[in-house]
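The shown structure was predicted, so the numbers you read here are calculated from the model rather than taken from an experiment. Naming: A, B, ... by sequence-line order, numbering from 1 per chain.
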Amino acid sequence: MRRRVAITGIGVMAPGGMGVKNFWSLLSEGRTATRGITFFDPAPFRSRVAAEIDFHPEEHGLTPQEIRRMDRAAQLAVVATREAVAGSGIDLAATDPHRTGVTIGSAVGATTGLDQEYRVVSDDGRLELVDHRYAVPHLYGHFVPSSFAAEVAWATGAEGPSTVVSTGCTSGLDAIGHAVELIRENSADVMIAGATDAPISPITMACFDAIKATTPYNDDPGRASRPFDRTRNGFVLGEGAAVLVLEELGRAQRRGAHIYAEIGGYASRCNAFHMTGLRPDGREMAEAIRATLDEARLNPSDIDYVNAHGSGTKQNDRHESAAFKLSLGDHAYRVPVSSIKSMIGHSLGAIGSLEIAACALAMAENVIPPTANLHNPDPECDLDYVPVSAREARLDRVLSVGSGFGGFQSAMVLTRPERNTA
Amino acid sequence: MTVSVVVTGLGIAAPNGLGAADYWAATRAGRSGIGPVTRFDPTAYPARLAGEVPGFVAADHLPGRLLPQTDHMTRLALVSADWALLDAGIRPDDLPEFAAGVVTASSAGGFEFGQNELRALWSKGSQYVSAYQSFAWFYAVNTGQISIRHGLRGPSGVLVSDQAGGLDAIAQARRQIRRGSQVIVSGGVDASICPWGWVAQLTSGRLSNDDDPTTAYRPFDAGASGHVAGEGGALLVLEDERAARARGARVYGRVAGYGTTFDPRPGSGREPGLRRAVEIALLDADLTPGDIDVVFADAAAVPELDHIEARALTEVFGPRGVPVTAPKSMTGRLNSGAGPLDVAAALLAIRDGVIPPTINVSPRVDLDLDLVTGEERVAPLRSALVLARGFGGFNSALVVTDAR
Amino acid sequence: MPNTEFTIDDLRRILREGAGTEEGVDLDADILDTDFEELGYESLALLETCGRIEREYGVTLDDDALAGARTPRALLGLVHSHLATVHAG
């Protein structure tokens, strides 16, 4: 019999929502956390808005040594991990460390730390032969972001399969999907799985400026992220982390854990088309959705809510709407679809895990978070995007999708497990 | 019934040989690719040797449109993938639409590309940052570019676990084939021999400061003083064995077993995870220690890490219980490229019935290893174990067997 | 001091440096009215090209106008009109 996987813990560090409770308040109230950049002087940049977290690591119990050692993305991941573990009620000390693993997604690793340290060793770009005498001792941990998985493993005592999954902006979905596979194949019973990115730094703003992927709506930061709106004009860069405790379902049920949802299916495909461009017909995302439903043994009409990638770029939202029609048929016009990036921006590799966390909370509350800032429907995006205000609905089966640079297209289905199947 | 997964194609870019034939000839002969860093002036740095891939002119192999948007490591990976598919005799266009994918490992991404853009940003201004910076440096770039070049649209992925990642990627490729994919191109290539990458690697505290190529990287030797960093790696074509047999493919061997663990927290006093990774891989392969004919070691050349590896091996196989080798003594450590390159070497060793040597090493007697040193050793080989460890505590082990 | 003239040869140079050349395409041929797409340059290549033009010539090219410039002649025209504005101002 196939081993099944349950979500038993959630930890979130999101813009405008540190901790699960605040995160859900923001989403269910349809508030936006996008604002003018405060981390550095944004004057030279085309896009000057972002979704920043007012994060002070020392307030979250990180030691000065940990703060020095870890990039911001690692700090966010560790704080989210602690919330997830505490909330799950799992006793890690009584759990076999060999059967507990870690998968952390990240698209751009320690990019903020690398940006800062490069300035130091290069004397602000003056030295081509950068000076090793100014390098911080933990630079290797920024160089290879597997350090993120190591930090989470140290924070939880995990000694099972551990890795970082880095598939661009689908990293957050794929890291959870990878963890599900490890539990199903019996390589682990418990996985600490999620994703983190803290990319709001000059180098990231500059590269997205260069391809005009981020929004130029600098004058109205709270309304800058406009997925599916006719006036949308790029995404708002965000940051954050979400970490889940995943457990083999029978184990979770035996210990009487609160089960947010079961992960019913997951699949990914690659468009093999372009590093940043999307094929307009959404064919590969549709195929990932089809394979996910197939694995979950569901029909399109079983889906109660679709959490969209909805980045707010012109091409993405069109692409994605096409993919929903291709994969869900007529049901695409009936099922509510929304994008939480309208509220918390696009945190690259982290967002997929934040969206799965949002889906699990939506199922717990039977409330669909809205697409904020959607006031002018786009004729090319003609589905029900739950504009502006949250909506109550019975949510038993929820689909979440992601799309990333490199051509990655991923999909995951959460289901509500029947009681007492153990 | 579990699907059997075989390797049918190899593409190699290594410091001691560009292309599988050159690499394998050099490796059997004990020819090293380690020498002074040439890509930048290393004089001011404490470590000045590297394993650089020789004779690689990207424009000879890749279209001009790809060059401005690719880091050196992506170019090496693209060419290796081309060779692997050619070697396997696979034309991706002939495969069903979503039947083939790409799973690679990365350690530091396109670090040199990132270095150049950081320099442009801070010395000239944000508008000088290239449009290609949005993907050319990131960890997923090799998978993305390989998939585009060959139209591989099936399940794909990217894993980062430092040097262990290359084996993790191959294991993930096997998983995808077991879930229904027919072909996965998998492996890893890394290349960070640039000033910024060098400074970052120096902070690991594990680079050798020795200027003599014959003594700088000596794993398991009493003189072990860290490693030499190298570039390159390998891409492999993995295939569902039934499909490979049906098309009459030449089969190098089977990916038979895999195990991965993470070390206990530093200071916990608990046993490191490497032995457990080996045991899980053997169990997964349904083999006993006695079935393994050769071990391709991780070979850190840091005394404590050498000791941990030797102890794991003697505990599983007994003192001097299995031949051990480290051809990476000829290439340096290649980060995520190391595991796939060792897997390729193991498959070629099985094919030819020879164990390639570890060079420049006279092993510490107290480690109790049967290290194959100096010259290759002729031996009938059916199964090989490949080990790789990543900075911070990642341990992976992969078993390949002959396909008879 | 930014350059004040932008010729087809300048464009050829910038395309080669920033985006490379497609196999089988001769940039030195008469390309003024050939679609960029036919020359092997997709949107990303054009973004990189325009970024380089903006830096070198000290102009800021309008997003929508750029999207409409589908041939070298159209792009030259667009850059010229911006250069004229810069130097008139």
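Ion pairing of Arg179(B) with Glu295(A) is present here, as a side-chain N (NZ or NE/NH1/NH2) and a carboxylate O approach within less than 4.0 Å. Salt-bridge annotation for Asp284(B) and Arg174(B): present, with a side-chain N of the basic residue lying under 4.0 Å from a carboxylate O of the acidic one. Between Arg175(B) and Glu181(A) no salt bridge is recorded (no basic side-chain N to carboxylate O distance below 4.0 Å).
In this structure, the portion of Glu185(A) lying under 4.5 Å from any heavy atom of chain B is its side chain and not its backbone. Within the 4.5 angstrom heavy-atom criterion, only side-chain atoms of His178(A), from C-beta onward, approach chain B. Within the 4.5 angstrom heavy-atom criterion, no atom of Asp174(A) approaches chain B. For Pro137(A), the part lying near chain B is the backbone, with the side chain staying farther off; criterion is any non-hydrogen pair under 4.5 Å. Heavy-atom distances place no part of Val102(A) under 4.5 Å from chain B, backbone and side chain included. The contact between Val108(A) and chain B is made by backbone and side chain atoms together, counting heavy-atom distances below 4.5 Å. For Ser396(B), no part sits under 4.5 Å from any heavy atom of chain A, backbone or side chain. Neither the backbone nor the side chain of Glu151(A) comes within contact range of chain B; no heavy atom of the residue lies under 4.5 Å from a heavy atom of that chain. Of the atoms belonging to Thr156(A), it is backbone heavy atoms, and not side-chain ones, that fall under 4.5 Å from chain B. Contacts between Ile104(A) and chain B at a heavy-atom distance below 4.5 Å are absent for every atom of the residue. Heavy atoms closer than 4.5 Å to chain B are found in both the backbone and the side chain of Asp124(A). In this structure, chain B has a heavy atom under 4.5 Å from the side chain of Glu287(A), while its backbone stays farther away.
Among the candidates Glu159(A), His132(A), Met205(A), the residue making the largest number of heavy-atom pairs closer than 4.5 Å to chain B is Glu159(A).
Arg119(A) contributes no side-chain N or O that, together with a main-chain N or O of Gly125(A), makes up a donor-acceptor pair within less than 3.5 Å.
Residue pairs that meet the side chain to side chain donor-acceptor pair (under 3.5 Å) test with at least one member in residues 106-120 of chain B, sequence neighbours left out, are Ser107(B)-Asp190(B).
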